[in-house]
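Following: one structure in structure tokens, then a few remarks.
Naming: A, B, ... by sequence-line order, numbering from 1 per chain.
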Amino acid sequence: MTSTEELDLATWPIFSKMSRRGLLVSFDKMEALLADVQAQMEEQLALIECFAGRKLNPMSGDDVARWMVEQHMGGKHTKGGRLTTGKQALQQHEHPVLDAVLSYRGLEKLESTFILPTLEIAKRDPAPGGGIIHPRWRLTKVRSGRVASESPNLLAFPSRTEMGKRVRSCFIARPGFKLISADYSQLEPRTSAVLSQDERLLAIYREGRDLYIEVGTDLGVPRTVAKTLTLGTFYGMGGQKLFESLVAEGVVQGDPSVPVFDLETCDALLKRWFEVYSGVKRLVDETVVAARQAGGWAYTVGGRGRLLPGLFLSGWGWPLAKLREEAERQCFNHLIQGTAAETMKAAQVRVDANVPEFMPQLQIHDELVGEVREDRAEEVAARVAAQMHTTFQGVELKTDVSIADCWGDL
DNA sequence: TCGAGAAGCGCG
DNA sequence: AAAGCGCGCTTCTCGA
């Protein structure tokens, strides 16, 4: 593994090029979407007034909390003493007003965070059919070595919902070009498997089997549960959080062939996971011990350090234990997330050196997006994939590639 | 009127 | 015993 310093120096000019090239935004598509979103916001607002009997600002937690108190709805309170009005809290109650509040908030998020700023920023650099976005890459912001993006934060653009994909669809390839995406599958779990040398995980990956199906079989849970559970365990998720995640995913009461996912089951599942994949448990413990011996410094494989003074807090009282355990989770996360970031940077360097026809535009942690001339798309995509393909201590790291005319279709 | 902090939510 | 990690950005709220 190349050192983290060398990777930083080698990727610097690549990100510079990425920013200069930028991404083309279609004004027609974006403005049509904006009109849709605004119309739907009006609808939800009307719905709220209709069902609540008066106007309500869905964005004001105080306003929503006051109305909930009037309706004799209970719930958790924030540190500031108000009723919690987050998505989790509102979904506890069955009420059309709360449904509309959540819908409105989702739409408002799209409008104010993604659509309006993108239009505004793209207007600074007009181009045929729209404008160009030049994200500012922050290469020294994230302590794990990941990159961050500002103005706008393209790494946080929506992808999980239909409306979200419509936002991404406004980012299009220039005329005569195609967009290519190559994303590593399960980069962080694979990194964990390699670093922990856990026999079971290594076997799953070496034989090319689906991790989450295997975990599901090992623990007797559906694939979706196994996925949440596995990703959570890598970073120290607790029973409570796992339970909340499963509730949010709507798998709280499973079918009869599957255990019921109450809080106790979640605790037991986490415990069992670390028994079955004991190599990961060992790596977590060893990583923390090593960092303590190194004076509180956690290191990635490439040698990027993060100082975690909290590792030396002693005692079990509040908030000492909480802070120490937080530092321990950060310690392990630094190793996995940071090493994965180094894998990605190394891949970018190889692609830059060996596939000059590919013009990168975005790096999204485990994914590379860029443009290529239309007539060469298939061929160049294959070469990008070949350059990203690598073997990390016996485990293959491969990418899924796709070609499309807009970001949303990748 | 301005700025900081809280709450909330988007992503991998 | 109990525990998600890493970010950026927006609106609301409250005090200077």
Problem set entry | Nearest-nucleotide 5' precedence on DNA chain C, A:T113 against A:L308 | A:L308

Problem set entry | Residue matched to C:dT11 through Watson-Crick or wobble contacts both under 3.5 angstrom | B:dA6

Exercise. So what's C:dG4 paired with, Watson-Crick or G-U wobble, going by both distances under 3.5 Å?
Worked result: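 The base-pairing partner of C:dG4, which may sit in any strand shown, does not exist here.
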
Give the rounded distance in Å between these two atoms: [atom1] of [X] and [atom2] of [N].
{"X": "A:K241", "N": "C:dA2", "atom1": "NZ", "atom2": "C1'", "answer": "14 Å"}
{"X": "A:L229", "N": "C:dG4", "atom1": "CG", "atom2": "C1'", "answer": "13 Å"}
{"X": "A:L270", "N": "C:dA3", "atom1": "CG", "atom2": "C1'", "answer": "9 Å"}
{"X": "A:L110", "N": "B:dC9", "atom1": "CG", "atom2": "P", "answer": "13 Å"}
{"X": "A:E244", "N": "C:dA2", "atom1": "CD", "atom2": "P", "answer": "15 Å"}
{"X": "A:N333", "N": "C:dC7", "atom1": "CG", "atom2": "C1'", "answer": "11 Å"}
{"X": "A:R168", "N": "B:dC11", "atom1": "CZ", "atom2": "C1'", "answer": "7 Å"}
{"X": "A:K109", "N": "C:dC12", "atom1": "NZ", "atom2": "C1'", "answer": "14 Å"}

Problem set entry | Among A:K17, A:R174, A:K178, the one residue meeting salt bridge (Lys or Arg N to Asp or Glu O under 4.0 Å) with A:E371 |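 Answer after filtering A:K17, A:R174, A:K178: A:R174.
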
For this session: Kindly confirm or rule out a cation-pi arrangement of A:R21 over A:F177, judged by NZ or CZ under 6.0 Å from the six-membered ring centre and within 45° of its axis?
Result: yes

Would you please confirm or rule out a distance under 4.0 Å between OP1 or OP2 of [N] and any side-chain N or O of [X]?
{"X": "A:N153", "N": "B:dC11", "answer": "no"}
{"X": "A:T85", "N": "B:dG8", "answer": "yes"}
{"X": "A:Q330", "N": "C:dG6", "answer": "yes"}
{"X": "A:R105", "N": "B:dG8", "answer": "no"}
{"X": "A:K141", "N": "C:dG6", "answer": "no"}
{"X": "A:S60", "N": "C:dT11", "answer": "no"}
{"X": "A:K165", "N": "B:dG10", "answer": "no"}
{"X": "A:S159", "N": "B:dG12", "answer": "yes"}
{"X": "A:R329", "N": "C:dA3", "answer": "no"}

Exercise. Between A:W67 and A:H95, does the ring centre distance come in under 6.0 Å?
Worked result: yes

Problem set entry | Between A:F171 and A:F157, ring centroids under 6.0 Å |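 Centroid separation for A:F171 and A:F157: below 6.0 Å.
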
Please work out if [X] contacts a base, only the sugar-phosphate, or nothing of the nucleic acid, heavy-atom cut-off 4.0 Å.
{"X": "A:R324", "value": "nothing"}
{"X": "A:Q337", "value": "base"}
{"X": "A:T233", "value": "nothing"}
{"X": "A:S151", "value": "sugar-phosphate"}
{"X": "A:E328", "value": "nothing"}
{"X": "A:R146", "value": "base"}
{"X": "A:D62", "value": "sugar-phosphate"}
{"X": "A:G86", "value": "sugar-phosphate"}
{"X": "A:T84", "value": "sugar-phosphate"}

For this session: Would you check if the side chain of A:R292 reaches a backbone N or O of A:L311 as a donor-acceptor pair within less than 3.5 Å?
Result: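 Side chain of A:R292 to backbone of A:L311: a pair is present.
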
Problem set entry | Main-chain N/O of A:E396 paired with A:R190 side-chain donor or acceptor, under 3.5 Å | yes

Which nucleotide, [options], lies nearest any side-chain atom of [X]?
{"X": "A:E326", "options": "C:dT10, C:dC5, C:dC14", "result": "C:dC5"}
{"X": "A:E325", "options": "C:dA3, C:dG6, B:dC9", "result": "C:dA3"}
{"X": "A:P158", "options": "B:dC11, C:dA3, B:dG12", "result": "B:dC11"}

For this session: List for me each residue that meets side chain to side chain donor-acceptor pair (under 3.5 Å) alongside A:R166, sequence neighbours excluded, and say none if there are none.
Result: A:D36

Exercise. Checking only heavy atoms, does the side chain of A:R160 share a donor-acceptor pair with the base of B:dG10 at less than 3.5 Å?
Worked result: no

